[in-house]
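In what follows, a structure is listed as structure tokens, so that the remarks can point back to it.
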Amino acid sequence: MTRLTPSSSPFPRVCRWSAYSAIHKVELTSHAVWDGRNWRVFDPIPFPEGGSGLPFLPDRIVLTNENHERDSVAWRDRFDIEVWAAPDAAIEIPGVHRWNAESPDEGGWIRTPLPGGPGGETAFFLPSLSLMVFGDAVVHLPTRGLELLPDKYCRDPQLLRNSLRRLPSFDRAVFAHGDPLSTNAGERIAALL
């Protein structure tokens, strides 16, 4: 990875950092979100300057799908925190925790499985911020704009589109690949469907 960009706050209680991956040929983006009790880190890549001056203390690592292990082991070991993923995500990290699809998530988060995308694809909604956190199902790359995951990367493109139609209403969105949307995010994504 190169061109690690410094942390920024696209919205209150959200921290964002990114780096271009020459191997994957795409921008990788990570977020930390304060849910009112804890900082949850989604799909972590290394933090700028090795994490010096980290503006938050993470409580948990959440992987939005099986392709986003990224730097999770280093974060887990450094902060002595758990890594969580969907039950159907093929994650190779030893000791990864799996959420139960029937149980609510603490901190006010609402998980929405998005079958049809990569294994374990899940979107996370925090109603108190009207914020949706996406993995690969939707991307917002500066060079391409807002788009659904290209069909060639989906297990079932039509199933993924149907899954996205079930999302609750939300105003803001952040993505594992690309720039945040600060207003009308749900409407803009619905227009893609």
Side-chain angles (χ1 to χ4, degrees), residues 1-21 24 26-65 67-86 91 93 96-97 99 105-112 121-143 146 167-168 170-186 188-189:
M1 286 187 243
T2 58
R3 287 191 359 235
L4 194 62
T5 58
S7 170
S8 65
S9 294
F11 322 116
R13 300 172 28 193
V14 177
C15 185
R16 173 183 184 273
W17 62 105
S18 63
Y20 181 78
S21 170
H24 301 98
V26 71
E27 193 80 15
L28 305 180
T29 310
S30 297
H31 297 88
V33 179
W34 173 254
D35 62 23
R37 294 180 9 191
N38 297 297
W39 282 99
R40 189 162 296 198
V41 177
F42 291 89
D43 304 327
I45 61 172
F47 199 78
E49 291 124 28
S52 62
L54 198 66
F56 56 85
L57 183 59
D59 173 71
R60 172 181 297 191
I61 296 164
V62 179
L63 306 180
T64 57
N65 67 54
N67 298 327
H68 288 179
E69 290 183 25
R70 298 178 173 182
D71 202 40
S72 296
V73 171
W75 280 77
R76 179 198 64 195
D77 294 349
R78 178 176 178 191
F79 295 103
D80 192 28
I81 56 177
E82 297 172 345
V83 177
W84 285 80
I91 303 292
I93 298 171
V96 68
H97 296 268
W99 52 75
D105 198 359
E106 65 272 355
W109 290 94
I110 298 170
R111 290 184 302 267
T112 303
E121 183 76 20
T122 306
F124 294 83
F125 179 54
L126 187 60
S128 64
L129 294 180
S130 192
L131 174 70
M132 190 70 70
V133 178
F134 285 99
D136 287 337
V138 182
V139 297
H140 189 219
L141 298 169
T143 57
L146 185 65
L167 291 173
F170 59 97
D171 195 44
R172 300 172 173 165
V174 293
F175 308 92
H177 302 285
D179 296 330
L181 290 175
S182 59
T183 58
N184 303 319
R188 291 178 64 185
I189 292 167

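What you see below is based on every heavy atom in this structure, not just the backbone, and it leaves out hydrogens, waters and symmetry mates.
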List the steps and the verdict of ring pair (Phe, Tyr, Trp, His ring centres under 6.0 Å) for W75 and F42.
CA-CA 11 Å; W75 280 77; F42 291 89; over 10 Å; no
Would D59 and R37 satisfy salt bridge (charged side-chain N to carboxylate O under 4.0 Å, His left out), going step by step from the backbone distance to the final call?
CA-CA 9 Å; D59 173 71; R37 294 180 9 191; over 6 Å; no
Test W99 against V62 for side-chain contact (heavy atoms from CB on, under 4.5 Å), laying out the working first.
CA-CA 10 Å; W99 52 75; V62 179; 4.1 Å; yes
List the steps, then state whether side-chain contact (heavy atoms from CB on, under 4.5 Å) holds for L167 with M132.
CA-CA 9 Å; L167 291 173; M132 190 70 70; 4.0 Å; yes
Determine whether S128 and R13 satisfy the following criterion, side-chain hydrogen bond (donor to acceptor under 3.5 Å, both in side chains), listing intermediate values before the conclusion.
CA-CA 11 Å; S128 64; R13 300 172 28 193; 3.2 Å; yes
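Judged by distance alone, with hydrogens and angles left aside, the side-chain atoms of H140 form a donor-acceptor pair with the main-chain N or O of D179 at under 3.5 Å. A donor-acceptor pair is defined here as one N or O able to donate and one able to accept, closer than 3.5 Å; no such pair exists between the side chain of S18 and the backbone of E27. Side-chain atoms of D43 never come within 3.5 Å of backbone atoms of H31 as a donor-acceptor pair (strictly under, hydrogens ignored).
Minimum heavy-atom separation, P168 to T112: CD-OG1, 4.3 Å. Residues P127 and G108 approach most closely at CD-O, 3.2 Å, considering heavy atoms. Taking all atoms of both residues into account, the shortest heavy-atom contact from F56 to C15 is CE2-SG, 3.7 Å. G178 approaches T29 most closely through the heavy-atom pair N-OG1, 3.2 Å. Pairing each heavy atom of P180 with each of V174, the nearest pair is CB-CG1, 3.9 Å. Across V41 and P58, no two heavy atoms sit closer than the pair CG2-CB, 3.5 Å.
Aromatic ring centres of W84 and F124 lie farther apart than the 6.0 Å criterion allows. The six-membered or imidazole ring of W17 lies near that of F47, with a centre-to-centre distance under 6.0 Å.
Between R60 and N38, every side-chain heavy-atom pair lies at or beyond the 4.5 Å cut-off. Side chains of H177 and H68 form a contact here, defined as non-hydrogen atoms less than 4.5 Å apart. In this structure the side chain of P12 never reaches within 4.5 angstrom of the side chain of L129, judged on heavy atoms. Under the 4.5 Å side-chain criterion, counting only non-hydrogen atoms from C-beta, T64 is not in contact with F134. Using a 4.5 Å cut-off on side-chain heavy atoms (C-beta onward), F79 and L57 make contact. Between S30 and R70, the closest side-chain pair of non-hydrogen atoms falls below 4.5 Å. Taking the side chain as every heavy atom from C-beta outward, V33 and V14 approach each other to under 4.5 Å. Under the 4.5 Å side-chain criterion, counting only non-hydrogen atoms from C-beta, V133 is in contact with W109.
With sequence neighbours excluded, no residue forms a salt bridge (Lys or Arg N to Asp or Glu O under 4.0 Å) with D71. Here A185 pairs with F170, A173, L181 under the side-chain contact (heavy atoms from CB on, under 4.5 Å) rule; sequence neighbours left out. Remark: I91 engages L63, E66, E69, A85, A89, I93, V96, R98 in a side-chain contact (heavy atoms from CB on, under 4.5 Å) (not counting sequence neighbours).
For the atom pair I61 CD1 and I81 CD1, the distance stands at 4.0 Å (nearest 0.5 Å). The CG atom of L126 sits 6.5 Å away from atom CG of L131, with the distance rounded to the nearest 0.5 Å.
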